[in-house]
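Have a look at the structure below, then the notes.
Here the structure is a predicted model, which is why all the values come from computation and not from measurement.
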Amino acid sequence: MSSVNLIQRFVKHLGDKCVMVAVACMLSVTLVSCDEHEHIDLNIHPGHILLKSGNVISSADYFANGDSTAVGIVFSEQIDNNHYLVVSLDELPPLQFCDSIGGMIQGTSCDLSKYDGRENTYALRGSFDEKSMHGSPLANAVSTSHPFGLTEFVPSVKEMKMLYTQRGTVNSVISSLHEQRNGFYNAVPLSADGVTGECWYWTSTEVKDNQAVQAWRVSMISGTEHESDKDIFCHARKISYYYPFGK
């Protein structure tokens with residue numbers, strides 16, 4: 001075999017090796033990329049406490065340190081590797097979902113399966129009619145933000161049902177907060193009083209088939225949703241999305 005043929009075979013062999021190396025590198029990058037989407041446990045769980053600083057710590061650490069800067073309680077694991085849900089310590093007084101006697105469509109998703117309470121609340125605030133001077137007293141009562149940027153809003157049906165599943169954890173932490181400050185801490189437990197009806201909480205989700213006049217409430221006794229006229233007065237609980245990386 002000539003020296004020219006030998007060189008050609010060597011180059012071809014070397015080329016095949018390079019292709020194999022390139023494919024291996026691409027697979028490696030793909031695997032790393034996939035790993036980046038796997039759930040990472042940041043050690044934030046239901047019952048942990050959100051502080052005024054924007055940090056989240058366990059309730060054990062909070063009470064061991066004698067802290068007094070709690071503003072909310074985590075009540076969900078991380079959702080879609082994105083955010084956690086935090087419930088505020090205080091409770092809104094009974095308010096109307098909508099104060100228009102004739103009713104009005106206020107532009108929420110009407111979807112019982114979405115984590116979209118923030119978007120619903122924005123829609124409710126934007127539904128105010130300057131001519132009739134009617135809108136959503138409920139949404140207007142939660143137009144506040146924490147100093148570190150978390151926006152409070154009325155939970156959707158989906159989010160409210162998640163809060164229901166963690167009501168025992170949330171109320172346990174609230175009870176401990178009262179004990180820590182001799183009952184003077186501004187924290188109110190989730191109500192399960194079925195006699196007075198205060199177990200029912202507004203969501204920010206309208207009823208799809210009767211959007212103008214009805215919205216959903218959720219019971220803290222059973223976790224069930226109920227179609228209710230928007231003009232009745234009912235309690236509500238503010239929640240926030242917590243992004244561990246400051247999104």
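- Within the 4.5 Å cutoff, the side chain of H134 has no heavy atoms near those of the C98 side chain.
- For the residue pair G135 and S127, the shortest heavy atom distance occurs at CA-OG, 4.4 Å.
- Counting heavy atoms from C-beta on, the side chains of Q214 and S228 never come closer than 4.5 Å.
- A side chain to side chain contact (heavy atoms under 4.5 Å, CB included) with V87 is found for exactly one of V170, L50, V173, namely V170.
- Using a distance-only test at 3.5 Å, with no hydrogens or angles considered, no donor-acceptor pair links the side chain of W216 to the main chain of L112.
- Proximity of a side-chain donor or acceptor of E159 to a complementary backbone N or O of S156 within less than 3.5 Å is detected.
- When all heavy atoms are compared, the tightest approach of T121 to A139 is O-CB, 4.0 Å.
- Note: N120 CG to S109 OG = 4.5 Å, rounded to the nearest 0.5 Å.
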Inset, instruction - Could you walk me through whether F75 and V86 pass side chain to side chain contact (heavy atoms under 4.5 Å, CB included), step by step? - result: CA-CA 6 Å; F75 68 93; V86 176; 5.5 Å; no

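- The environment of NZ in K161 is crowded: more than 12 heavy-atom neighbours from other residues, nucleotides or ligands sit within 6.0 Å.
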Inset, instruction - Starting from the C-alpha separation in whole Å, work towards a yes-or-no answer on side chain to side chain contact (heavy atoms under 4.5 Å, CB included) for V154 and M160. - result: CA-CA 9 Å; V154 182; M160 199 68 201; over 6 Å; no

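- When atom types are taken as modelled, the side chain of S172 and the backbone of G168 share no donor-acceptor pair closer than 3.5 angstrom.
- Remark: the backbone N or O of V207 is not paired with any side-chain donor or acceptor of E227 at under 3.5 angstrom.
- Between atom OG of residue S76 and atom OH of residue Y241 there is a gap of 10.0 Å, rounded to the nearest 0.5 Å.
- Checking side-chain atoms of R125 against main-chain N and O of V142 turns up a donor-acceptor pair under 3.5 Å.
- A 4.5 Å side-chain heavy-atom check between L85 and M162 finds at least one atom pair inside the cut-off.
- Remark: the backbone N or O of I57 is not paired with any side-chain donor or acceptor of D61 at under 3.5 angstrom.
- At distances below 3.5 Å, not a single donor-acceptor pair connects side-chain atoms of H48 with backbone N or O atoms of I73.
- The side-chain heavy atoms of D90 and K238, taken from C-beta on, include a pair separated by under 4.5 Å.
- In the displayed structure, N65 atom CG is contacted under 6.0 Å by more than 12 heavy atoms of other residues, nucleotides or ligands.
- With hydrogens and angles ignored, the 3.5 Å screen pairs no side-chain donor or acceptor of R237 with any backbone N or O of L92.
- Expressed to the nearest 0.5 Å, how far OG of S59 lies from CG of L177 amounts to 9.0 Å.
- For K230 and E206, the salt-bridge test passes: some basic side-chain N is under 4.0 Å from an acidic carboxylate O.
- Remark: S240 OG to L150 CG distance equals 5.5 Å, nearest 0.5 Å.
- T69 and D67 share a side-chain donor-acceptor pair at under 3.5 Å.
- The two residues W202 and L95 come nearest to each other via the heavy atoms NE1-O, 2.9 Å.
- In this structure, CG in N140 is found 12.0 Å from CD in Q96, a value given to the nearest 0.5 Å.
- Within the 4.5 Å cutoff, the side chain of L51 has no heavy atoms near those of the V71 side chain.
- One hydrophobic cluster, built from ILVMFWY side chains closer than 4.5 Å, cannot hold both L138 and M104; they sit in different ones.
- The shortest distance between side-chain heavy atoms of D99 and D231 does not fall below 4.5 Å.
- Below 30°, between 30° and 60°, or above 60°: for Y243 and H83 the angle between ring planes is above 60°, a perpendicular geometry.
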Inset, instruction - Apply side chain to side chain contact (heavy atoms under 4.5 Å, CB included) to Y201 and M220, showing your working. - result: CA-CA 8 Å; Y201 285 79; M220 281 296 111; 3.4 Å; yes

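- Aromatic ring pairs are classed by plane angle as parallel below 30°, tilted from 30° to 60° and perpendicular above 60°; the pair Y242 and Y84 is tilted.
- Without hydrogens or angle criteria, D80 side chain to N82 main chain gives no donor-acceptor distance under 3.5 Å.
- Looking at T205, its side chain does come within 3.5 Å of a backbone N or O of V157 through a donor-acceptor pair.
- No side-chain heavy atom of V74 sits under 4.5 Å from any side-chain heavy atom of H45.
- When the side chains of ILVMFWY residues are joined at heavy-atom separations under 4.5 Å, either directly or via intervening members, V188 and I221 end up in two distinct hydrophobic clusters.
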Legend entry - Residues K158, K114; criterion side chain to side chain contact (heavy atoms under 4.5 Å, CB included); working and verdict: CA-CA 6 Å; K158 178 73 170 180; K114 284 188 175 181; 5.8 Å; no

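- Counting heavy atoms from C-beta outward, L163 and P155 have side chains that stay 4.5 Å or more apart.
- Scanning both residues, S191 and D193, for their nearest heavy atoms gives OG-N, 3.3 Å.
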Inset, instruction - Check the pair W200, H235 against ring-ring contact (aromatic ring centres under 6.0 Å, His included), reporting the backbone distance first and the verdict last. - result: CA-CA 7 Å; W200 290 98; H235 282 284; over 10 Å; no

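- Residues L89 and F63 are members of one and the same hydrophobic cluster, defined by side-chain heavy-atom contacts under 4.5 angstrom among Ile, Leu, Val, Met, Phe, Trp and Tyr.
- Between F153 and Y122, the ring centre distance reaches or exceeds 6.0 Å.
- With values rounded to the nearest 0.5 angstrom, Q78 atom CD is found 7.5 Å from I44 atom CD1.
- Of all the heavy atoms in Q106 and L124, the pair that sits closest is CB-CD2, 3.6 Å.
- Considering all non-hydrogen atoms of both residues, A123 and G107 come closest at CB-O, 3.4 Å.
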